Structures are given as structure tokens and as C-alpha cells.
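Report on the following structure.
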There are 2 protein chains.
Amino acid sequence: MAGIRDVAREAHVGIGTVSRYLNGSGYVSEESRNRIETAIKTLDYQPNELARNLYRNRSGIIGVIVPDLEHPFFSKLSKYIEINLYERNYKTMICNTVGISNREKEYLKMLERNVVDGIIAAAHTLHSEEYLKINRPILAMDKDFNGQIPLVHSDHKKGGALAAEAVIKAGCRNVLQFTTSSKVTTPANQRHIVFEEICTKHGIRVRTVETNWNLFSHEHFRRYMQKEMVKYPDVDGIFSADIPAIACMNVLKQRGYKIPQDVKIIGYDGLDVIYMTDPPLTSVSQDIEKLAECCVDTIIRIIEGKEYESHQVIDVDFVQGKSI
Amino acid sequence: MAGIRDVAREAHVGIGTVSRYLNGSGYVSEESRNRIETAIKTLDYQPNELARNLYRNRSGIIGVIVPDLEHPFFSKLSKYIEINLYERNYKTMICNTVGISNREKEYLKMLERNVVDGIIAAAHTLHSEEYLKINRPILAMDKDFNGQIPLVHSDHKKGGALAAEAVIKAGCRNVLQFTTSSKVTTPANQRHIVFEEICTKHGIRVRTVETNWNLFSHEHFRRYMQKEMVKYPDVDGIFSADIPAIACMNVLKQRGYKIPQDVKIIGYDGLDVIYMTDPPLTSVSQDIEKLAECCVDTIIRIIEGKEYESHQVIDVDFVQGKSI
DNA sequence: TTGAAAGCGCTAACAA
DNA sequence: TTGTTAGCGCTTTCAA
């Protein structure tokens, strides 16, 4: 591995000059410039980022913490975060917490150890305090730290309202919604609060099944729905995230229900899979690309000391399928 | 940010002693040990990995290059690669090439710049030479560099044979298979060669549609299939990767075909989505978890200078759905 | 068992 | 316009 001093020797200049050339800082004569260029080519020199990082005290890497990269929501989010970070000259380090709070904790520690310059946290099995005691760039997606950590999320209130509207229009009288644990203070739960509120106002009976989903495999959801749906043979409407909604649809169809004639289903997230089912799933779609862009822009602002919005809400959209 | 010299001062010992304590290298007296421990706690000291990396000339990061993180195959692969790397004390840097060879090239350069210690390359839009001229740890998934770069892939020959067997058993006479561009030298194409070979031997007509898929959205596949399937109204069997197979299934159903009565479909990959369709898709399943484990184990062996297998093949499995 | 010192490869300040 | 030098924060000799 050729180093900067090899280049300097080869080009018959000082290392300072090479460094200045490399970084475009300060003067380098035409003469030196040419000699350095040829030296770099002949030696196939590549600057060692490890050394640069130490001096600059930054790694140029952003950590992205997600619960499960296999879940289509998070894989799409990660994809667009990576694309946006790349365009801004940052690299992406990924962490799947897979429900293990200790992994989340260890990745937070990467911040203090200068492995990453900032973290976009979209997984939250860990206690809030662990986040709050770290005084470095962190951005939270879909988790409210009482305003103490900048927050980005979809307009889940509108999302809940859109779902309620669809259920009302479809004439449902007796609906079931599946929520994640209400113990977690995520803005994502607001959709279910708003949904219930509006439905109830319209005389629709809403029952809520609170779940504790750490696993995201279809198999898991399917088994869960198989057990759960026998308890509610009389429902005529379902509201839930896309993946469990699809599991639910399949279980219902297996049990002889017609969708949407007997039971209407509305999903949430607007993932690609909603087009693959029969009937295609109607869903409230989150704008994942925009969420990613917003997360990236904000974390970089924080890192670079620019001003930023501490609470940003991204619009959601209604995607008409045929399940409601 | 407290540094090692702060700890040394606080504990009234030399920097060397603190370092020895931190790394468990060399002697540290009980006395010093205790003083250092309290000093670390009071100062909340965290070693700066940037400095360690420079000295050790390693980053502890492995780059993972995939074409599209949003594709369920690659998101699942990435997930398990990250999990395996984490267990081996490595971190994961992700790159989506999204079909842009320049991105792939830039990530390769990270290797030479010491940003990453090794690369697991599962995307191959870039020219082979770019890979071959880099003399650092690289592992290829599903791309044959003439044996010059260690290779991991599924047993695609067996996969093709399993698919052929299913098609024969089901009594198809006239099948269509969708392949990726045959210009790319990926072992994954072997399944189609074997499939055609066996089918032909059994008197089944096989037509092959060569595609150039860089995009992976369902929408894209659906439009593609809509255009393509009108050309082959007489086929009674389809063999293709899961995602296009599902798009195909939906297009066929829309055009009034019954699956599997009129047309039988067999997918490839065994992704979670095969359980979400109606009928559930029969598929040849790749063992993604094992692929990930194998990739991780091998790249680490290469990095650490241990011996390794330069060509590893992972078994595939037949998953019976109801589409054939 | 320890502390002082050299150096990992680079950047930037400084004197020339 | 340039080369020399002093760090960046750590690890590891090496002499005490």
C-alpha cells in the first residue's frame, strides 16, 4: 500500500504539497500538480480513510437501526436512506435489532466510539433513557422521546382518518383493528386512536387487539391470525398493517369468507405486496421515499450544525385496492 | 470527550497502563486496575475507534453490495449477513447499486481506502476486471469470476431440475421460462439451462424469454408481464423467479386463466410472498440464511488469512404450493 | 509492573 | 508556492 510519503518522494515534492493537492486546499504549482498526478497513477495511490478519519474526527458513516431488515417497510426505508446518504457523501451502516435491546444499545455506543457520526433510529425496543443520555446526533423515526430527540414520522392521524372513512363508506358495523403494544410511545399508534374515535362517532363498533409483534415473518402472522380470528366470527371489517392484514385475508378466505363481500379489509403502509394478493389490498400508504429523504436531510443538518425542524410529519395517501 | 490520557491522569497511572488494561495485553497491578476502572466510570470514557482503527489498519466493517435492498431476496440476505457479521464482531456497510455500475465501483474503492476490511458482492453490473484488479478480500455471491474470486451460490442446477420435475409431473407440454440476461455469467442462470434440458428430454416445449431486469418493483414486473403474456396465449406452464412469477400469475388471472388448471406456475427463490398469493406459489427455495452464514464465514476467513473453500454450493429445496 | 516515546497515515499551521 | 513539523487518540515496543 503506497502512502502519501511515497507519492511525495516519487513526485519529488513534500508531503504537505501532496496533501494540499489531494484536498484542494492551498496552493500547488502547475509543475508540482503534474508530477503528483503521475506519481499517484504510477503508485496507484489511494488515501487511507482511516488516517483521515482520525484527524477529522469523523467517519462519514451514519448508523441506521431498524427492527428487521426483512420487513418490506424497513427494507424499503433502508434502501432509500442509503441512496440519499450516498448522494450526500455518507455511508450507511445497518443494524437489525431483531428485537434484541442489547443490540440496539451496542449500536448506540458506536456513536460515542466515533464509529458512526450519527444515528437514524427506527427501532425502539430499548429504554428511552439510553437514548437521552447520549449527547450526539440522533434522529428518531416513529418514536416520540417527549420532544427531546428530533422526530420524523408519517401523518398517522390522517392515516387513521382515511382508514375510518373507508370503513364508514363501505358500511362496516363491527370492525377489528390490530395494534402494536400501546406501551411503546410511537406516533404510529395514533392511527388506531383516531380510527376508533371516528368509527365510534359513526356508530361503528371497534374492538382492538393489542399485539406484541417482534417477529415479522408471514408464517408468524398467519399462525397468529389463525388463532385470533376464531374469536371474532362476526366482524365485517379489519384494519391493520399490510403484512398482518394479508395474513388475515388468507386466513379468512380459508375459512370461507369472501373478501370484500363478507369482510372488508384495509391495510396500512402501502407496501408492494398489496398488489400481489387477491383481491389486491386497499391500504393507507406511507411515503417511504420521502420519509427516508427527510431522515437523511435532518440527521446531516444535525451533524453539520445547521438548523433543523425537530418534528416533521410526512403526508400519507389512500391506495384503492379491492379489499374494501 | 474524555481520552485515554484523561483516564491516565485521573487514575494517576501512565497511558500505557490504561491501554494495557483496556486491551488485556500485558501486566496491570490490582491497584492500578481498580483506579483505572473508577476513572473510566467517572469520566464515562469510551475508546475512540477511529484511533484504534488507524493503528490496527482495519475498520472492522464489511461492505455488502446488493442490487436492490428492496427486493425481498436481498433484504433477507442482507439481514442475515448483518446478524452473522455482528456475532463475529464485524459491522455491516450496505450498498444498493440500483443498477448503477459506478456506485458498485465506488464501493469497491472503499476497500482500497481502508473504509471496509472486505466485501461481499452480490450485485454485478460492473465489469469483471474492476474486481480482479483489486487485491483485497472479496467474496462473490452468484457471480463466477472464472474461479479468480471465491464464490458462494445456491445449487441452481438442482433447482432447475426440481422445477423441471414438477412441470413434468404436472403434465405441462408447453412452458415458458423467464431468465435474466444470459450475458451475465451468473451460476443462477444454470437453473434455466438444466430446466430446459430436462424438459426437452421429456418432450416438453420450452421457450425462453430473456429479460434485462434492473428494476424490481412489482409494478414494473406487472407491466412487463402484461406486454409479454399476450405473445404466448398457448402456454400451460411458467418457470421464473418468485416476484415476476407472481406478477405473471396476476396478469394471467386477470385475463381469465385459472391457476393451476389452465396454466401451472413454479417460482424460484422461496420468498415469504409465495404464501401471500392465491393460490400460494409453488417454488424452489434458496436457503438464504445458510447463504448468508456461508458468505460471512468465508469473507472472515479470507480477511483473517485462514484457509477457505473457493467455491461453495448451498442446497435448495422444493416448496409445494398450489400453483402447480 | 510501569511510564515514556515512537508511530499508525494523514491534515493543517507555520516558517521559509 | 513550498517543506517541515506537530498533532489526531490510540497501541506497543522498550528501558527502567
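In the text below, chain A, chain B and the rest are named by the order of the sequence lines, each starting its count at 1. Note that this is a predicted model, so its numbers are computed, not measured.
- Residue B:Leu69 holds its CG atom at 5.0 Å from CG of B:Asn96, rounded to the nearest 0.5 Å.
- Among C:dG9, D:dC10, C:dG3, the nucleotide with an atom closest to any side-chain atom of B:Ala51 is D:dC10.
- A straight line from CG of B:Leu54 to P of D:dC10 spans 12 Å, rounded to a whole angstrom.
- Among the protein residues, B:Gly3 comes within range of the sugar-phosphate backbone only, with heavy atoms under 4.0 Å from sugar or phosphate atoms but none that close to a base.
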### Task
Give the C-alpha distance, both sets of side-chain angles, the deciding distance and a yes or no for side chain to side chain donor-acceptor pair (under 3.5 Å) between B:Thr97 and B:Glu104.
CA-CA 6 Å; B:Thr97 65; B:Glu104 203 172 333; 4.8 Å; no
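- The shortest distance between the side-chain N/O atoms of A:Thr17 and the OP1/OP2 oxygens of D:dT2 is not below 4.0 Å.
- Remark: P of D:dG3 and OH of A:Tyr21 are 15 Å apart, rounded to the nearest angstrom.
- Listed pair A:Arg52 / C:dT11 meets the phosphate criterion, a side-chain N or O lying under 4.0 Å from OP1 or OP2.
- D:dG7 atom C1' lies 18 Å from atom OH of B:Tyr55, rounded to whole Å.
- Applying the 4.0 Å criterion to OP1 and OP2 of D:dC10, one finds that B:Tyr45 has a side-chain N or O inside that range.
- One axis for each end of the helix from C:dT1-D:dA16 to C:dA16-D:dT1, each built from five base pairs, and the angle between them comes to 50° at 10° resolution.
- The ring-ring contact (aromatic ring centres under 6.0 Å, His included) test applied to A:Tyr131 returns A:Phe145, not counting sequence neighbours.
- The distance from atom CZ of A:Arg35 to atom C1' of D:dT2 is 11 Å, rounded to the nearest whole Å.
- Protein atom CD1 of B:Ile15 is 17 Å distant from nucleotide atom P of D:dT13, rounded to whole Å.
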What does the list of N/O pairs under 3.5 Å between the protein and nucleotides 14-16 of chain C look like, with a distance for each?
none

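- Environment of CZ in B:Arg5: sparse, with no more than 12 heavy atoms of neighbouring residues, nucleotides or ligands closer than 6.0 Å.
- When heavy atoms are screened at a 4.0 angstrom cut-off, A:Leu50 is found touching no nucleic acid atom at all.
- Residues B:Arg301 and B:Glu304 are not paired through a salt bridge, judged by the lack of any N-O separation under 4.0 Å between the basic side chain and the carboxylate.
- Counting non-hydrogen atoms under 4.0 angstrom, B:Ser19 reaches a base of the nucleic acid.
- For A:Val13, counting side-chain heavy atoms from C-beta on, the closest listed nucleotide (C:dT2, D:dG3, D:dC8) is D:dG3.
- Contact between the side-chain N/O atoms of A:Asn23 and the OP1/OP2 oxygens of C:dT11 is found at a separation under 4.0 Å.
- Taking the six-membered ring for Trp and thresholds of 30 and 60 degrees, A:His153 and A:His156 have nearly parallel ring planes, at less than 30 degrees apart.
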### Message
If you apply the rule side chain to side chain donor-acceptor pair (under 3.5 Å), what do you find for A:Ser59 with A:Asn114, and how did you get there?
### Response
CA-CA 7 Å; A:Ser59 66; A:Asn114 294 296; over 6 Å; no
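- Atoms CD (B:Glu49) and C1' (D:dT11) sit 13 Å apart, rounded to a whole Å.
- To the nearest 0.5 Å, atoms CG (B:Leu111) and CD (A:Gln46) are separated by 10.5 Å.
- A salt bridge is defined here as a Lys NZ or Arg NE, NH1 or NH2 lying under 4.0 Å from an Asp or Glu carboxylate O, and B:Glu31 with B:Arg35 meets this definition.
- Under 4.0 Å is where a charged nitrogen must lie from a carboxylate oxygen, and between B:Arg52 and B:Glu49 at least one such pair does.
- At the heavy-atom level, A:Asn48 lies under 4.0 Å from the strands shown only through sugar-phosphate atoms.
- Remark: P of C:dA4 and CD1 of B:Ile4 are 13 Å apart, rounded to the nearest angstrom.
- When the P atom of C:dC8 is taken as reference, atom CE of A:Met1 falls 16 Å away, rounded to whole Å.
- Across the interface with DNA chain C, nearest-nucleotide mapping of B:Arg56 and B:Val28 shows B:Val28 to be the residue nearer the 5′ end.
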